[in-house]
Amino acid sequence: MKITNVKTGKFIVLDQRRVQIRENQNGLMAFSYKAPLFETMEIEDFFDNLDSSGKLTVDIGETGEFGVNFRGIIEGKEKNFPRNLDHKIILLENHKCPKPGEYVAVKRFSKFVPRGKISE
């Protein structure tokens, strides 16, 4: 599994055998990753300077990239977890493309008046 930062082009490759993916109805995905400490430190370094809405692409099993927004990393909690392993949960959200009807309800915030429209 490959995760690429769209802005910088940097990427990280995760061992797919260690990843479990869950998705909810709102398009939020949780990538649960259990790996040795040195691998999870690489994950933290990769996501360290990324905003909570940073743009990424994900390629699972070389099936093609799809766009996601980064939402954060959380520590996984488990009982009786071995000392040399760590558990990170990477939260990603599907890109949402607005539907044509959603563009209609855009509010105008600017007080700018186009030329020729000034009322006297």
- Message: I'd like to know if the side chain of T4 reaches the main chain of V6, judged simply by a donor and an acceptor atom lying under 3.5 Å from each other, with no hydrogens or angles considered.
- Response: no

- Heavy-atom side-chain proximity of E75 to D86 below 4.5 angstrom: yes

- Message: Rounded at 0.5 Å granularity, tell me how far CG in L14 sits from CD in E42.
- Response: 9.5 Å

- Query: Does some side-chain heavy atom of E93 sit less than 4.5 Å from a side-chain heavy atom of N69?
  - Reply: yes

- Task: Output, in order, the C-alpha distance, side-chain angles, deciding distance and verdict of side-chain contact (heavy atoms from CB on, under 4.5 Å) for I90 and R71.
- Result: CA-CA 8 Å; I90 305 166; R71 291 295 176 222; over 6 Å; no

- CD/E39 to CD1/I43 distance, rounded to the nearest 0.5 angstrom? 7.5 Å

- For G9, does its backbone N or O pair with a side-chain atom of N5 as donor and acceptor, under 3.5 Å? no

- Task: Compute both the distance and the angle, then confirm whether K88 meets the cation-pi test with Y33: under 6.0 Å from the six-membered ring centre, within 45 degrees of the axis.
- Result: no

- I73 side chain reached by F31 side chain, heavy atoms, under 4.5 Å: no

- Message: Between D59 and G64 (side chain of the first, backbone of the second, donor and acceptor by atom type, cut-off under 3.5 Å), is there such a pair?
- Response: yes

- Provide the closest heavy-atom pair for A35 versus R18 in the form atom of the first, atom of the second, distance. CA-NH1, 3.5 Å

- About how many Å separate NZ of K7 and CG of L50, when rounded to the nearest 0.5 Å? 9.0 Å

- Looking at I89 and G76, what are the two nearest heavy atoms and their distance? CD1-CA, 4.1 Å

- Message: Quick one, L91 and I74 - any side-chain contact, counting heavy atoms below 4.5 Å?
- Response: yes

- Query: Which atom pair, heavy atoms only, marks the closest approach of D51 to F70?
  - Reply: O-CD2, 3.1 Å

- Query: Minimum heavy-atom separation for L56 to F46, with atom names?
  - Reply: CD2-CE2, 4.5 Å

- With a cut-off of 6.0 Å (strictly less than), are more than 12 heavy atoms of other residues, nucleotides or ligands near CZ of F66? yes

- Message: Show, in sequence, the C-alpha distance, side-chain angles and deciding distance for N94 and M29, and conclude whether the side-chain contact (heavy atoms from CB on, under 4.5 Å) test is met.
- Response: CA-CA 8 Å; N94 282 331; M29 294 177 282; 3.3 Å; yes

- Message: Looking at every heavy atom in both H87 and S32, which two are closest together, and how far apart are they?
- Response: NE2-OG, 2.6 Å

- Sole residue of V19, I12, D15, V13 in side chain to side chain contact (heavy atoms under 4.5 Å, CB included) with M1: V19

- Query: Between I60 and V58, what is the shortest heavy-atom contact and its length?
  - Reply: CG1-CG1, 3.8 Å

